[in-house]
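Residue numbers run from 1 in the order of the sequence given.
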Amino acid sequence: MTFEEAEARLSKERKAELARRMWRGEALPDGLSEEEKGFCFGLYVYEEYEQREQLRRYFEEG
């Protein structure tokens with residue numbers, strides 16, 4: 001599953017929660033779905049390539 005596919009399948013609230021946890025360096029919850037894992041991996045890649053603003057946009061959109 002691609003990041004874009006995973007992103008499309010998750011609610012705005014769930015994406016915000018996961019992005020906020022990653023932004024803060026918090027542990028992710030156990031038992032993530034395949035969509036959540038794909039989304040978090042995509043966010044991890046953003047973080048690794050120093051594009052943390054991509055994470056922020058998920059929990060600052062209103």
Side-chain angles (χ1 to χ4, degrees):
M1 173 177 307
T2 67
F3 173 72
E4 292 78 12
E5 290 170 332
E7 179 184 34
R9 293 180 184 180
L10 295 175
S11 71
K12 182 178 179 180
E13 294 79 14
R14 187 61 171 162
K15 290 184 282 191
E17 177 189 347
L18 294 170
R20 194 173 295 111
R21 285 176 174 261
M22 292 185 73
W23 180 267
R24 295 176 181 160
E26 297 174 359
L28 295 172
D30 292 331
L32 294 175
S33 69
E34 289 304 311
E35 291 86 0
E36 291 166 333
K37 289 177 186 176
F39 179 73
C40 290
F41 181 74
L43 295 183
Y44 168 78
V45 171
Y46 282 141
E47 217 172 18
E48 285 297 301
Y49 286 95
E50 299 179 9
Q51 296 178 352
R52 283 181 53 88
E53 292 306 309
Q54 292 294 330
L55 274 76
R56 180 183 289 188
R57 75 181 181 99
Y58 286 100
F59 59 84
E60 286 190 341
E61 290 180 347

### Task
Mind checking the CH2-CD spacing from W23 to Q54? Nearest 0.5 Å is all I need.
11.0 Å
### Query
Roughly how far, to the nearest 0.5 Å, is CD of E60 from CZ of R20?
9.5 Å
#### Entry: Closest heavy-atom pair and its distance - A16, Y58
CB-O, 3.4 Å
List the atom pairs, with distances to 0.1 Å, where a side-chain N or O of residues 38-47 and a protein N or O form a donor-acceptor pair under 3.5 Å, not counting sequence neighbours.
residue, atom, partner, partner atom, Å
E47, OE2, R52, NH1, 2.8

#### Entry: Candidates K15, R14, R9 - the one meeting salt bridge (charged side-chain N to carboxylate O under 4.0 Å, His left out) with E36
R14
### Message
Quick check on E26: does its CD atom have over 12 non-hydrogen neighbours (other residues, nucleotides or ligands) under 6.0 Å away?
### Response
yes
### Task
Indicate yes or no: does E17 engage R21 in a salt bridge with an N to O separation below 4.0 Å.
yes
